[in-house]
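This structure is a prediction, so every number in the text was calculated from the model and none was measured. The sequence lines fix the lettering, A, B, ..., with proteins before strands; numbering per chain opens at 1.
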Amino acid sequence: MSEFVLRTNNLTKKFGKNLALDHVNMEIKKGTIYGFIGRNGAGKTTLMKIVCNLASASEGTVELFGETTKEGLAKGRTRIGSLIEMPTLYPNLTAEGNMEVQCRILGLKDRKIVTETLKLVDLDGTGNKKVKEFSLGMKQRLGMALALLNQPEFLVLDEPINGLDPIGITEIREILKKLAEERGIAILISSHILTEMYLLATHYGFIENGKLIKQLSAEELGLECRQYVKLKTTNTEETVRVLQEKLNLTNVETLSDDEIRIYELTEKPELISLALMGSGIGIRNLNVVTQDLEAYFIGLTGGYAK
Amino acid sequence: MIHVISAEVYKLMRSRAFSVLLIVVFALAALTAIGFLVVPDDFLTRAYGGLPVEAGLMPFAVLKHTMQLMVICLGVFAGVQISAEFDNGTIRNPIAVGRRRVDYFVGKLVTAFIASVLFVFTTMITVTAIILIRVDWITTFDAKYVWDVLEFGLANAFVLLAYSQIFAMVAFLLRNLGGTIGIAVTFSILEGALANVLVHSKKLADYEFLKEIIPNTMVLRLSDIGSRVLPEGDYLKVFLASVAFIVVTGAISLFTFYKRDIK
């Protein structure tokens with residue numbers, strides 16, 4: 001038995017001359033929540049579609065639960081639940097009707113799972129209301145319920161919290177955490193809400209222009225996310241000169257007219273204010289900041305403009 | 001495969017579009033049958049080129065007359081059943097859980113057959129019910145007649161199924177609901193118009209080889225094959241022609257569906 005639910009080997013996808021995926025080697029272990037982060041069009045959805053057999057790879061292979069053969073992959077996909085881009089629902093059926101269709105596709109006999117799953121996503125009271133009358137958030141929850149119906153061992157979720165209200169987002173986060181912890185389900189999840197990803201994921205993969213540029217665990221990310229002292233003064237130029245002279249600081253970055261980032265002395269920021277005392281420089285703001293996932297991602301991909 | 005078929009049948013039975021189409025077919029059959037009832041017999045006989053139209057032949061005659069509309073209904077049906085699944089993304093549901101694309105195609109074929117059978121027999125049963133107004137059922141009942149209706153109906157259902165696969169093919173190619181329905185309606189109208197030209201073309205009708213191949217140029221219309229073979233009762237030919245048609249259109253559908261990415 002492979003410890004990996006998903007491994008891709010040089011996975012490449014071409015659309016004409018465009019490379020949507022460029023030799024991607026991704027690994028997802030059992031029980032991990034893999035946050036897949038990238039800009040729009042970076043290749044996240046394309047990779048997820050190839051994993052779910054909705055698109056074919058131009059080169060490279062996909063390994064699901066240790067299987068790479070056609071039959072093995074088809075069998076592996078019966079152990080996957082997915083929600084890619086948008087919930088795929090029959091608008092004229094009820095929530096239960098949609099679940100019934102999926103039960104039949106999956107060959108599930110016990111309908112108790114329908115009630116349980118709908119309850120899990122808080123849609124058990126929708127009765128005869130048709131899906132076309134659902135709000136975006138309700139549709140998203142139903143999409144999640146469909147993905148969970150076969151009690152998957154691997155969940156592929158592309159922007160699953162789109163359209164959810166803050167309470168809904170928290171609930172989905174808790175459900176996913178519970179599934180990973182209690183059932184050992186591996187989750188591949190993409191989202192543009194990076195604060196959510198930071199709270200949820202145990203591992204991260206960063207994709208840019210079809211290339212998987214970095215894979216790391218949450219612990220490793222914590223180590224890589226630098227702390228710095230954010231300092232705002234009345235005279236940045238003079239501040240930098242004084243700090244270099246008195247504290248011998250070298251890792252200093254001037255961001256704007258009044259903001260300086262100091263990547264040293266994060267444990268003793270008071271030394272900075274003491275050094276500036278009597279120099280005639282006014283301190284407007286001084287605090288220690290830990291770089292977040294968003295800043296890390298921007299730093300990794302080279303800024304906003306592309 | 002059986003799971004996918006089961007899901008397809010479930011969806012068909014709960015499809016509002018299908019219910020509406022079935023009602024349209026019923027209404028048309030009823031109106032045509034009532035029209036036949038009120039039209040004087042000699043008028044009908046003239047309309048059928050001197051052939052006497054008896055009440056017992058009405059289910060067959062009405063079916064022949066309504067085939068064109070049923071073909072359009074099946075075009076709409078293919079659009080709703082296949083293209084709409086690409087439009088709203090539900091096509092992904094079976095594929096993403098490891099079901100084969102060929103299973104999905106067979107599921108759609110089964111539902112198209114069910115639809116064809118229901119369309120044909122809705123028409124025939126409706127007409128039979130209406131002609132009972134004029135015919136005393138008890139004294140005229142003949143078990144062979146029921147068998148004839150069943151046989152004829154099934155033959156026509158097969159022809160309709162074969163016909164519907166043109167639209168299924170268009171649906172798999174276009175993956176767009178409006179486009180599929182548009183092509184289905186346009187195609188049916190053009191085909192009907194062409195057939196009318198052929199039927200009324202004296203020049204064509206005089207060609208001996210055509211007379212030999214097909215006793216009537218109307219046979220050029222696929223939708224007429226079933227009703228045409230009735231006098232000879234050669235249903236095997238109908239079945240084989242339909243199967244050949246389904247195989248060809250099915251191969252094209254599967255070819256376009258098998259490797260293409262699903263958006």
Is it true that, when you exclude [X] itself, more than 12 heavy atoms of the residues, nucleotides or ligands shown sit nearer than 6.0 Å to its [atom1]?
X        : atom1 : value
A:Lys14  : NZ    : no
A:Asp110 : CG    : yes
A:Lys177 : NZ    : yes
B:Leu240 : CG    : yes
A:Phe4   : CZ    : yes
B:Arg16  : CZ    : no
A:Glu96  : CD    : no

Please give me the minimum heavy-atom distance between [X] and [Y], naming the atom from each residue.
X        : Y       : answer
A:Thr78  : B:Arg99 : CG2-NH1, 4.4 Å
B:Asn88  : A:Pro91 : ND2-CD, 3.8 Å
A:Gln102 : B:Val97 : NE2-CG1, 3.9 Å

Under 3.5 Å, is there a donor-acceptor pair between the side chain of B:Asp261 and the main chain of A:Ser56?
-> yes
Max heavy-atom pair count under 4.5 Å with chain B, selected residue of A:Leu108, A:Thr45, A:Asn53 | A:Asn53
Most heavy-atom pairs under 4.5 angstrom with chain B, which of A:Gly81, A:Gly107, A:Ala74, A:Ala147?
-> A:Gly107
Region of [X] that comes under 4.5 Å of a non-hydrogen atom in chain B:
X        : result
A:Pro152 : neither
A:Ile84  : both
A:Leu93  : side chain

Considering only heavy atoms, which portion of B:Arg100 lies under 4.5 Å from any heavy atom of chain A: side chain, backbone, both, or neither?
-> neither
Side chain, backbone, both or neither of B:Arg92 within contact of chain A (heavy atoms, under 4.5 Å) | both
By residue number, those in residues 3-12 of chain B with heavy atoms under 4.5 Å from heavy atoms of chain A are B:His3, B:Ser6, B:Ala7, B:Tyr10, B:Lys11
First locate atom CZ of A:Arg77, then atom CD1 of B:Ile95, and finally report the distance between them rounded to the nearest 0.5 Å.
-> 10.5 Å
